[in-house]
Amino acid sequence: MSQDNDKKVIVLGTPLQCGAETIRELHIHRPTAKNLRKLNPTQGDGPMGMILGLVGEQNGLPPSVMDEMDGADVLEVVSEFGPFLEKRTGAMPLA
């Protein structure tokens with residue numbers, strides 16, 4: 001995974017298929033209000049569903065493709081995306 005403070009690239013352990021395209025990595029970034037407004041609450045199942053919906057939207061992938069993601073990849077995506085939803089305080093994280 002590569003990253004800067006507001007963007008990350010997650011390499012999938014198990015690639016996804018979206019039509020004829022093979023998805024090997026997901027690009028994620030801190031969501032904007034525009035990203036959040038595009039979510040359909042009926043698609044999400046709690047925080048994990050919301051995060052997967054946001055990541056799918058950021059990558060142009062429909063929920064049906066995101067639903068096929070390997071469980072280990074889901075846990076990594078949720079873990080890496082979660083901090084983007086925390087308010088920035090300017091404090092340095094503890095090492």
Side-chain angles (χ1 to χ4, degrees):
M1 174 191 61
S2 65
Q3 67 181 16
D4 67 24
N5 288 338
D6 291 323
K7 297 178 183 177
K8 297 181 182 183
V9 177
I10 298 172
V11 177
L12 298 174
T14 303
L16 292 168
Q17 284 300 127
C18 185
E21 185 179 3
T22 300
I23 311 299
R24 299 185 191 295
E25 60 187 28
L26 296 172
H27 297 256
I28 63 175
H29 58 83
R30 183 171 294 281
T32 62
K34 180 180 177 180
N35 297 133
L36 293 168
R37 286 181 16 182
K38 287 183 179 180
L39 285 181
N40 180 350
T42 61
Q43 292 176 351
D45 295 325
M48 185 178 294
M50 182 186 77
I51 289 172
L52 292 176
L54 284 166
V55 171
E57 190 272 324
Q58 289 181 353
N59 286 272
L61 300 173
S64 60
V65 170
M66 296 301 289
D67 285 347
E68 297 303 317
M69 188 182 303
D70 180 77
D73 289 331
V74 168
L75 293 177
E76 181 179 6
V77 167
V78 169
S79 173
E80 294 296 329
F81 195 86
F84 286 151
L85 299 174
E86 297 171 0
K87 185 170 179 150
R88 295 184 199 195
T89 64
M92 296 297 293
L94 297 176

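Below, all heavy atoms of this structure are taken into account, side chains as well, without hydrogens, waters or symmetry copies. Given the structure is predicted, the values throughout are model-derived calculations rather than measurements. Counting from 1, the numbers follow the sequence of the chain as shown.
Of all the heavy atoms in D73 and G13, the pair that sits closest is OD1-N, 2.8 Å. Here the shortest heavy-atom pairing between L52 and M66 reads O-CE, 3.6 Å.
Within the 4.5 Å cutoff, the side chain of I51 has heavy atoms near those of the L85 side chain. With contacts defined as side-chain heavy-atom distances shorter than 4.5 Å, the pair L61/L26 qualifies. Counting only heavy atoms from C-beta outward, the side chains of L12 and R24 never approach each other to under 4.5 Å. Here the side chains of I23 and Q17 are not in contact, with every heavy-atom distance at 4.5 Å or above. Inter-residue side-chain proximity for N59 and H27 is flagged as met; some heavy-atom pair is nearer than 4.5 Å.
T32 and N35 are linked by a side-chain donor-acceptor pair at a separation below 3.5 angstrom, with hydrogens and angles left out of the test.
No donor-acceptor pair closer than 3.5 Å links the side chain of D6 to the backbone N or O of R30. Side-chain N or O atoms of Q58 include one that pairs as donor or acceptor with a backbone N or O of H29 at under 3.5 Å.
To the nearest 0.5 Å, atoms CD (E68) and OG1 (T14) are separated by 12.0 Å.
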Working note: I28 + K7, criterion side-chain contact (heavy atoms from CB on, under 4.5 Å); need CA distance, chi angles, decisive distance, verdict.
CA-CA 6 Å; I28 63 175; K7 297 178 183 177; over 6 Å; no

